[in-house]
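Here is the structure we will look at.
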Amino acid sequence: MSGAAQGWLLATWAWPLALLLACTWPAVRRLMPQLLALAPLPALAAALFAGGAPRVSVGGRPLELLFGLDAPGALLLGVASLLWIAAGAYAGNYLRGDAHAGRFAACWLLAAAGCLGLFVAADLVSLYAMLAMMTIGAGGLVIHDGTPRAWRAGATYVGLALLAESVLLVGLVMLAVEMPGPGLGIDEAVTTLAASPQRPTILALLVFGFGLKAGLVPLHVWMPLAHSAAPVPASAVLSGAVVKAGIIGLIRFLPSGEALPATGQMLAVAGFVTAFYAVVVGLTQRHPKAVLAYSSVSQMGVVVAALGLGLAVGDGKASMAAAFYAAHHVLVKGALFLAVGVAAAGTKGRRGWVLAPALVLCLGLGGLPFTGGAVAKFAVKDAFSTGIAAALSAASAAGTTLLMLHFLRRLALVEVEGDRPAPAGLLLPWLAMAVAALLVPWLLYAPAGLGSATAAFDPLALWQALWPVMAGVALALALRRSADRLPSIPEGDIAAGLEPALRVSRGLGARLDGLDCVLRGWTVASVALVLVAIAIGWTLLPR
Amino acid sequence: MPPTEALAAGASAGGGWLVASIAWPIIALLLVIAGGERLAARVGVLALPIGLAIAAAVALQVGGSGELVYNVGGWAPPLGIALRADGLSAAMLLVTAIVAGGSGIYALADFGPPRAGSSGRTSLAFWASLLGAWAALNLAFLGNDLFNLYVALEMLTFAAVPLVCLDGRAETLKAALRYLLYALVGSVLYLLGAVLLYGAYGTLDLGLLATVAQPGPATWAAAALMTAGLLAKTALFPLHLWLPPAHAGAPPAASAVLSALVVKGSFFIVLRLWFEALPGLGSAAAMQLIGLLGAGAILYGSALALRQTRLKLLVAYSTVAQIGYLFLVFPLAFDAASGRLAAGAALMGGLLQAVSHALAKAAMFMSAGLIAVTLGHDRIADLGGLARARPTSLLAFALAGVSLVGLPPSGGFAAKWLLLSAAVATGQWWWAVVIVLGGLLTGAYLVLVLMRALDEPTAPAAPLQPVAAWREAVPLVLALLAVFMGLAGVLP
Amino acid sequence: MNPTTLFGLCGAALVGIGLYGLLTDPRLLRKIIAFNLVGSGVFLLFGVVARRGADAGLGGDPVPQALVITGIVVAFSATALAVALLLRLHDAGGGATLDDGADSAGKDRSPS
């Protein structure tokens with residue numbers, strides 16, 4: 001059976017790439033937008049059947065690529081593939097009549113291959129390769145609409161992603177140099193990292209890179225821009241699955257079971273700052289997609305805080321708990337983005353199909369009992385069990401509820417694009433994702449090794465989950481009048497403040513042109529040649 | 001690499017292939033000149049696959065049995081001159097054959113068999129120069145004697161200069177003269193260095209110099225002069241004055257050869273000079289200085305590429321930047337403890353950078369040429385609508401860019417990984433910062449071009465010129481080779 | 001001061017004069033002549049090296065003489081190519097000087 005499992009592991013990323021290759025035929029390219037839902041199927045099979053299978057090895061000397069699934073990876077791969085399937089089905093309908101549908105499909109397949117392949121990558125090189133593939137595909141999805149807003153968002157996204165990947169590359173190379181054998185497997189790398197004299201530097205680089213991909217403040221500025229400028233199905237997978245690349249990276253490389261109090265506390269602080277900052281800025285946003293994007297930033301902050309608190313005390317189970325929380329977020333955020341699309345596509349009269357489930361999902365994200373969100377919050381309760389962390393976690397839940405209710409209000413006011421009700425091709429994926437978001441966490445709690453979910457029905461636990469939601473609802477009702485009088489912060493908050501820096505850099509560029517004109521004059525260049533000869537000779541002299 | 005047993009014992013079997021790889025392009029050149037304007041293109045294009053076959057034969061032999069050595073006339077050094085092919089040479093021979101072949105095929109549209117009534121003079125000049133440059137490059141990669149390498153260097157310059165001014169405009173003639181004169185200054189400095197070395201040691205053979213060279217004023221002066229001369233020919237910052245106008249003004253097929261191959265010839269000779277002839281004579285300061293010039297090239301060239309308004313100039317400045325990566329090999333391969341240059345990850349990274357840059361830059365210039373033919377101009381701001389007009393060319397450009405930025409699985413990524421490993425392993429973290437910044441800037445100017453091209457047309461569409469499909473295939477094939485080169489490490 | 005040293009100093013002086021001309025004079029023909037001067041200086045130094053080999057007991061080291069002949073041929077070809085290009089440049093209306101910094105790359109800069 002392990003042969004099939006290994007096949008599923010390779011097909012996770014190979015199948016979408018094969019579909020991408022098939023897109024070079026025009027006939028297939030025309031048909032491909034309708035077939036996007038088929039691309040993640042091997043990934044789903046891998047998540048179900050290949051968890052814990054031995055690693056697959058491709059190649060040998062000098063480069064060996066490894067693919068395998070650890071427990072958090074299997075969990076995230078499963079829910080991510082569900083999201084990719086539903087969003088792919090949604091995209092098939094969404095793209096009808098779009099002139100650039102073929103290009104969208106190609107970028108989609110590339111992003112899917114990278115995103116899903118990232119979860120099965122088990123060595124440093126394939127990890128980096130999947131990350132790069134995912135970034136290129138996602139960038140193409142962001143700029144799909146071709147509006148100036150989309151270009152700006154795409155440029156910011158690709159630029160910051162390249163920065164993250166460059167920093168990650170240095171960290172990974174530093175790890176690779178210290179590894180004893182020729183192989184570059186992640187398991188061996190983590191062991192090397194634990195014993196490495198360069199551990200602080202390497203960890204700092206990795207946390208920076210993966211934190212940027214996950215959207216920690218102040219490196220989050222690309223997320224609101226990209227997630228609101230992209231088309232709806234792309235936003236769903238971007239906010240749902242692509243962002244989890246940073247999370248899975250942090251989970252894999254942060255030491256588990258070993259207590260690093262300073263690092264853990266720093267991570268926790270960063271996570272909580274992100275969580276609250278994003279809620280505050282999100283409340284000022286008007287567009288529902290922007291609100292959702294800020295909510296994603298905030299939730300990733302909570303995940304990172306959970307990881308940090310677990311790291312500070314050396315809790316070995318913190319990574320699985322954080323992965324579970326992130327998995328719920330994959331489903332919920334994906335579903336809510338699809339909801340925005342459905343709301344925009346259908347008549348106001350049929351809004352009920354959208355608003356009612358969305359209300360449940362929104363409150364669930366805050367932790368409403370009996371929803372999937374409650375299970376997710378229950379999973380990470382150990383991290384937030386003591387003192388100030390518990391208070392912050394409860395405040396964050398209230399803030400999330402407030403933010404999501406703000407989203408719901410903006411969703412209800414979304415302008416409709418046509419007279420007809422939303423087509424079934426858009427409605428069904430949304431409803432399927434909504435149901436999955438509510439049910440799947442319950443089903444996965446025990447298999448994820450987190451214990452029994454029945455403890456969540458304990459009255460004390462129910463109350464602890466309920467009162468932050470009630471506080472958030474109360475705040476929302478109280479602030480209902482003043483919602484429209486909040487200052488409007490542009491999407492990407494800090495990024496807008498960087499405009500003066502761009503102007504300065506353009507001025508510097510003009511100076512550089514002048515310098516080049518001087519350097520490329522004959523006299524200057526020939527004298528430079530003589531000077532270079534003298535300088536090399538002088539540096540060769542013994543000291 | 002120390003002199004091998006083969007050199008002491010004489011030639012190795014299969015050494016005849018080395019002679020063939022130098023002789024065949026020269027024979028083809030003579031045939032082209034004999035054929036005159038009418039037959040130049042036909043003879044030239046027939047020469048390409050044979051040259052590729054010879055290069056492949058050399059590569060297979062070197063891969064199988066290690067180094068190949070041939071003693072010209074049967075006389076071993078110091079009396080005679082040796083030709084030597086090791087792994088570095090074989091790789092460069094192969095990539096030269098591939099890129100020259102691709103450029104030749106691509107050039108058939110502009111420099112093909114002359115139609116009735118038109119003069120075939122430019123065609124003759126192109127094919128003669130291409131074959132001459134190919135012969136010179138092969139000699140540069142195989143030569144084992146510093147004076148032999150001087151001849152190769154000069155032949156390369158004389159063959160490359162006409163490639164710059166094929167269209168005969170005053171602008172390109174000026175660029176060609178600037179190139180020629182600056183290269184000649186470099187040559188005389190190199191020759192001066194060779195005189196000093198011969199005067200001090202009585203030999204110019206690389207292997208023998210490695211055994212007899214001692215630190216001293218003559219050696220230091222010679223090394224400095226020769227290195228500076230070669231840096232001028234390779235257009236390393238701040239000696240890059242001739243490269244942008246020359247490479248941007250030449251026809252696309254010629255630019256491809258100039259940027260991809262010609263600058264690699266003089267770089268290869270710098271490598272041979274330091275790694276073979278004078279490995280123990282470098283000092284840490286000198287290596288850091290060369291690395292500093294390389295870093296300057298990377299940052300300066302990439303920043304200037306961002307400022308360009310014309311596509312071909314952007315690609316030319318990108319060449320200025322990518323040449324900088326090549327010279328990072330020197331500080332990274334220098335072992336401070338022993339004071340020697342060692343062949344290791346850094347040298348391998350430099351070789352991969354040279355090979356992948358050759359493939360990617362040739363693809364870039366060729367697709368830029370096709371874009372210019374399609375739109376009638378190459379202004380970056382007005383590239384809109386290109387994605388629909390020339391998707392294949394744009395794809396080739398984008399894939400070449402992927403290799404330049406260093407994304408997996410391209411050769412550029414493998415080169416970057418190896419250079420970064422060397423930087424981290426030797427504790428020289430500042431080069432790692434430079435490499436990372438260079439990658440970001442490269443990504444910036446590539447994204448700039450791609451975004452403009454994917455955008456809608458800014459001006460009312462002028463009629464688009466058609467381009468033959470086989471012409472678009474050549475840069476695409478070269479770009480795919482560059483992008484998937486990294487997978488060669490995974491294959492069995 | 002024996003003849004060998006005199007020749008060596010002459011060679012050095014030629015190289016210096018030639019380099020000065022190459023660096024400073026904007027006229028192309030002067031640059032070509034200056035290049036030939038530098039070349040002659042280098043060849044003189046080859047002769048000095050050959051003579052030093054002679055001092056060691058041989059009639060005159062033949063290898064530098066062979067190198068000089070090759071060098072002369074190379075310098076001659078370089079001069080021929082440069083003069084041909086200069087004539088073409090003049091015919092194409094481009095003048096006969098190499099102005100500092102004024103080339104095509106400089107003119108196409110973006111104005112901002």
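Predicted model only: the values in this text are computed from it and were never measured.
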Region of B/Gln288 that comes under 4.5 Å of a non-hydrogen atom in chain A: neither
Side-chain heavy-atom pair B/Val436, A/Val167 within 4.5 angstrom cut-off: no
Any side-chain heavy-atom pair of B/Leu231 and A/Ile536 under 4.5 Å: yes
Part of B/Leu448 within contact of chain A (heavy atom distance under 4.5 Å): neither
Parallel, tilted or perpendicular: rings of B/Phe413 and A/Tyr128 (30°, 60°): parallel
Heavy-atom closest pair, residues A/Arg520 and B/Pro245: NH2-CD, 3.4 Å
Chain A contact via B/Ala221 - side chain, backbone, both or neither, heavy atoms under 4.5 Å: neither
Most chain B-contacting option - heavy-atom pairs closer than 4.5 Å, from A/Val530, A/Leu169, A/Val170: A/Leu169
Structural part of B/Leu450 lying under 4.5 Å from a heavy atom of chain A: neither
Portion of A/Val158 that has a non-hydrogen atom of chain B nearer than 4.5 angstrom: side chain
Gap between atom CG of A/Leu540 and atom OG1 of B/Thr219 - 0.5 Å precision: 9.5 Å
Atom group of A/Ile136 that falls short of 4.5 Å from chain B, counting heavy atoms: side chain
Pairwise side-chain contact, A/Leu529 with B/Tyr182, heavy-atom cut-off 4.5 Å (strictly under): yes
Under 4.5 Å from a heavy atom of chain B, the part of A/Ala176 involved: side chain
Max heavy-atom pair count under 4.5 Å with chain B, selected residue of A/Met174, A/Glu64, A/Met130: A/Met174
Side chain / backbone / both / neither for A/Leu162 at chain B, heavy atoms under 4.5 Å: both
Part of B/Leu181 lying under 4.5 Å from any heavy atom of chain A: both
Rounded distance (nearest 0.5 Å) linking atom CD of B/Gln308 with atom CG of A/Asp516: 7.5 Å
Matching residue for B/Val424 among A/Ile202, A/Val177, A/Leu175 - test: side-chain contact (heavy atoms from CB on, under 4.5 Å): A/Val177
Approximate separation, where rounding is to 0.5 Å, of B/Leu454 CG and A/His144 NE2: 12.0 Å
Nearest non-hydrogen partners of A/Arg506 and B/Arg307, listed with the distance: O-NH1, 3.6 Å
Region of A/Leu512 in contact with chain B, defined by heavy-atom distances below 4.5 Å: both
Note, B/Leu241 side chain near A/Leu519 side chain (heavy atom, < 4.5 Å): no
Segment of B/Leu420 engaging chain A (4.5 angstrom heavy-atom cut-off): both
Largest heavy-atom contact set with chain B, pairs under 4.5 Å, which of A/Val173, A/Leu531, A/Ile534, A/Leu508: A/Val173
